[in-house]
Novice: 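Encoded as structure tokens, here's the structure I'll be asking about.
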Amino acid sequence: MTVIVRFAPSPTGYLHVGGHRTALYNYLFARKHGGRFILRIEDTDQSRYVEGAVENLVKSLRAMGLDWDAGPDKEDEKGPYYQSQRLEIYQREIHRLISTGKAYRCFCSSERLAELRERQLAAGESPGYDGRCRHLDPQEAEKRALKEPHVIRMRVPDDGAMTFHDVIRGEITVEFSRVDDQVLMKSDGFPTYHFANVVDDHYMGVTHVIRGEEWLPSLPKHLLLYDDLGWEAPVFAHLPLLLNPDKSKLSKRQGDVAVEDYLAKGYLPQALNNFLALLGWNPGDNREIFSMDELIERFSLDRVNKAGAVFNTEKLDWMNHQYIQAMEDADYLKEARKWLSGIVLNDRGDAALLAVKSGLTRFDEIPDKLAPFVSRVSFPQEGEAAELMAAESTRTVLQTLKEKLQTQSLNNPAGFFPLMKGVQKETGIKGKNLWMPVRIALTGELHGPELNVIAYYLGNEEMIRRLEKALKGA
RNA sequence: GUCCCGUUCGUCUAGUGGUCAGGACUCAGGACUUUCAUUCCUGCAACAGGGGUUCGACUCCCCUACGGGAUACCA
């Protein structure tokens, strides 16, 4: 049996990192087993329609390096992959359920239901449908259905219990008395998630449903539906949730949750994938950095955790840093140049970009990191830097260096060290007193990238200009 | 409220009856370095609580507490 899995988001406008992790696990599982990975759009809620949401979703998923074998942009005979385009299928199946008595028409108004719920809550009962339309005469109901708005509910057994299996959580038993007569078809003719999901998974041949833990409580309904429809149910695996720092379900209110937000900050897709893969799953050894291929090779559902995981970006930062350091220079430069945001580098820009690499956590830090190379230097007025500039030896160092720069041109970073050695020899000043004044004069800062690269990038002319400026200030 | 799921360092996690409870991030200290960063070394830091079961429980069972999820004509 070939494995078929799916990622079935509702188009809310962006790809949620939690959703992406679900997608990733499905993808890894499919690829690991040589199976198929499907993308299906669950757009059954008309009131939630968001313009361009699907395009955005597809874009983010692709940017993250996932590809699917079938989906809204890759239709095949099992499609369409938009639920809103599968309405006839749901109609057909719901009629089967009605005819076998597994579902029934319900004419209760939403006002009555809201009232009912309120009353139940007030009385300390658990809210749920009271079954008023449960025993309407079928023929009568069909007649009313012609002109009255109504929904269609599933008929859950009155008593008994169901024991089912989840790959991650094991055996779970739920009593039917706790399961509500779920609405399957809404009054607008669209199916609810619960119904569309089961029908589509069946017809698309899904063998493993890997989804978030928020669906675990409704699994009995889904299982019942498979049974009522006479279908074999797939294997279920409910993933632990991604959490806010306060342990609640990861939400927009407490920080960025869209994949595109993280991409926009300069996290590398593979770093984000790697990080997310390890949030709720581990390979069983102490390794933490994995390529996509390695993740595919090592992924398995039985090493997925049960408990939710806090989405904490500290480790993501570290991981992104690792990925940046591991980049080939050419790749790094190509990427880094996308993040200049207006900064114009001279023809020695590559050297500057490379010099800044070791301290880079995210690519959006590039402009800041580049400041020592490109910003106009302001002379320090106070603090340690000012003190150093006021030192007696400083003037001598700067003056001597300036003179050397007037006669010897600097054509590579390595050339700066001998130059400074010359200054040291001539002035007898060394160590901190030699290097710091030069750094401050050239960059205005106490700290920064390697001075030899800064010197090379600036070139003789600019260095002389800055030294003169510093000499005047000093 | 009710049902379901969960609970190992601050965070991500390893661990399936006998371990000095391991690793990673963060943090602190140190080494290297002309600064910063990188890198390396060292250190701080955890089995929610209570009962069982057992010669022996982080590991198995029960209870409690706490956290989360679900309780919609949203997914």
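Throughout, a chain's letter reflects where its sequence line sits, starting with A, and its residues are numbered from 1.
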Novice: Which is true for Leu360(A) with a 4.0 Å heavy-atom rule: it touches a base, it touches only sugar-phosphate, or it touches nothing?
Specialist: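 No contact.
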
Novice: Base, sugar-phosphate, or nothing for Asn305(A), non-hydrogen atoms under 4.0 angstrom?
Specialist: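 Contact class for Asn305(A): sugar-phosphate only.
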
Novice: Arg439(A) near the nucleic acid: base, sugar-phosphate alone, or nothing, with a heavy-atom cut-off under 4.0 Å?
Specialist: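 Answer is base: heavy atoms of Arg439(A) come under 4.0 Å of a base.
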
Novice: What's Lys432(A) touching, base or sugar-phosphate or nothing? Going by heavy atoms closer than 4.0 Å.
Specialist: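 Touches nothing.
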
Novice: Separation of Met185(A) atom CE from C73(B) atom C1', in whole Å?
Specialist: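 Distance check: Met185(A) CE to C73(B) C1' gives 11 Å.
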
Novice: Give the table of side-chain donor-acceptor pairs shorter than 3.5 Å for residues 349-361 of chain A, with sequence neighbours excluded, one pair per line with atom names and distance.
Specialist:
residue, atom, partner, partner atom, Å
Asp350(A), OD1, Arg337(A), NE, 3.4
Asp350(A), OD1, Arg337(A), NH2, 2.8
Lys357(A), NZ, Met327(A), O, 2.9
Lys357(A), NZ, Asp329(A), OD1, 3.4

Novice: Does Lys247(A) place a side-chain N or O at less than 4.0 Å from the phosphate oxygens OP1/OP2 of G6(B)?
Specialist: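 For Lys247(A), the contact criterion (side-chain N or O under 4.0 Å from OP1 or OP2 of G6(B)) is not met.
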
Novice: Would you mind classifying the nucleic acid contact of Gly431(A) as base, sugar-phosphate or nothing, using non-hydrogen atoms under 4.0 angstrom?
Specialist: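 Since no nucleic acid heavy atom lies under 4.0 Å of Gly431(A), the category is nothing.
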
Novice: Need one value for Thr44(A): base, sugar-phosphate or nothing, where a base atom within 4.0 Å counts as base even if backbone is also close, heavy atoms only.
Specialist: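 Sugar-phosphate: the residue Thr44(A), judged by heavy atoms under 4.0 Å, touches backbone atoms but no base.
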
Novice: Identify whether any heavy atom of Arg287(A) sits under 4.0 Å from a base atom; if not, whether one sits that close to sugar-phosphate; answer base, sugar-phosphate or nothing.
Specialist: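 Contact class for Arg287(A): none.
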
Novice: What's Lys249(A) touching, base or sugar-phosphate or nothing? Going by heavy atoms closer than 4.0 Å.
Specialist: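 Sugar-phosphate, backbone atoms only, no base.
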
Novice: Quickly work out the Asn320(A) CG to C12(B) C1' distance and round it to whole Å.
Specialist: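 Taking atom C1' of C12(B) as the reference, CG of Asn320(A) is at 17 Å.
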
Novice: Which value, in whole Å, describes the distance between the C1' atoms of nucleotides U11(B) and C27(B)?
Specialist: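 Each nucleotide's C1' atom is 12 Å from the other's.
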
Novice: Using a heavy-atom cut-off of under 4.0 Å over every strand shown, decide if Leu219(A) touches base, sugar-phosphate, or nothing.
Specialist: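 It contacts nothing in the nucleic acid.
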
Novice: Using the C1' atom as the reference point in each nucleotide, state the distance between A45(B) and C32(B) in Å, no decimals.
Specialist: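 So the two C1' atoms sit 27 Å from each other.
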
Novice: Mind checking Leu434(A) for me? I need base, sugar-phosphate or nothing, with any heavy atom below 4.0 Å counting as a touch.
Specialist: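 Nothing, no heavy atom under 4.0 Å.
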
Novice: When only distance counts, do a donor and an acceptor, one from the side chain of Arg169(A) and one from the base of C5(B), lie under 3.5 Å apart?
Specialist: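 When only heavy-atom distances are counted, Arg169(A) does not reach the base of C5(B) through any donor-acceptor pair under 3.5 Å.
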
Novice: What about Tyr262(A) and Phe275(A), are their ring centers closer than 6.0 Å?
Specialist: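 No: the rings miss the under 6.0 Å criterion.
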
Novice: So, Thr313(A) and Asp317(A): side-chain donor and acceptor under 3.5 Å apart, yes or no?
Specialist: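 No - no donor-acceptor pair under 3.5 Å links their side chains.
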
Novice: Starting at atom NZ of Lys315(A), determine the distance to atom C1' of U13(B), rounded to an integer number of angstrom.
Specialist: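 Roughly 7 Å, once rounded to whole Å.
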
Novice: Base, sugar-phosphate alone, or nothing: which one does Gly128(A) contact when heavy atoms must sit under 4.0 Å apart?
Specialist: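 No contact.
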
Novice: Are Tyr193(A) and Trp215(A) an aromatic pair by the rule of ring centers under 6.0 Å?
Specialist: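 They qualify: ring centres under 6.0 Å apart.
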
Novice: How many angstroms lie between atom CG of Leu97(A) and atom NZ of Lys102(A), to the nearest 0.5 angstrom?
Specialist: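 The distance works out to 9.0 Å.
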
Novice: Val310(A) near the nucleic acid: base, sugar-phosphate alone, or nothing, with a heavy-atom cut-off under 4.0 Å?
Specialist: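 Sugar-phosphate: the residue Val310(A), judged by heavy atoms under 4.0 Å, touches backbone atoms but no base.
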
Novice: Table please: side-chain donor-acceptor pairs of residues 18-26 of chain A below 3.5 Å, with sequence neighbours left out.
Specialist:
residue, atom, partner, partner atom, Å
His20(A), NE2, Asn273(A), OD1, 2.7
Arg21(A), NH1, Leu279(A), O, 2.6
Arg21(A), NH2, Pro240(A), O, 2.3
Thr22(A), OG1, Gly18(A), O, 3.2
Tyr25(A), OH, Ala277(A), O, 2.8
Tyr25(A), OH, Leu279(A), O, 3.3
Tyr25(A), OH, Trp281(A), N, 3.3
Asn26(A), ND2, Thr22(A), O, 2.9
Asn26(A), ND2, Ile210(A), O, 2.9

Novice: Would the Phe416(A) and Tyr457(A) ring centres measure less than 6.0 Å apart?
Specialist: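 Ring centroids of Phe416(A) and Tyr457(A) are no less than 6.0 Å from each other.
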
Novice: Each nucleotide in nucleotides 38-45 of chain B should get exactly one letter: B, S or -. Can you fill that in based on protein heavy atoms under 4.0 Å?
Specialist: SS------

Novice: If the cut-off is 4.0 Å, is Arg178(A) near the phosphate of U2(B), judged by side-chain N/O to OP1 or OP2?
Specialist: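 For Arg178(A), the contact criterion (side-chain N or O under 4.0 Å from OP1 or OP2 of U2(B)) is not met.
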
Novice: Determine the Euclidean distance between corresponding P atoms of G68(B) and U8(B); express it in Å to zero decimal places.
Specialist: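 Nearest-Å result for U8(B) against G68(B) at atom P: 14 Å.
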
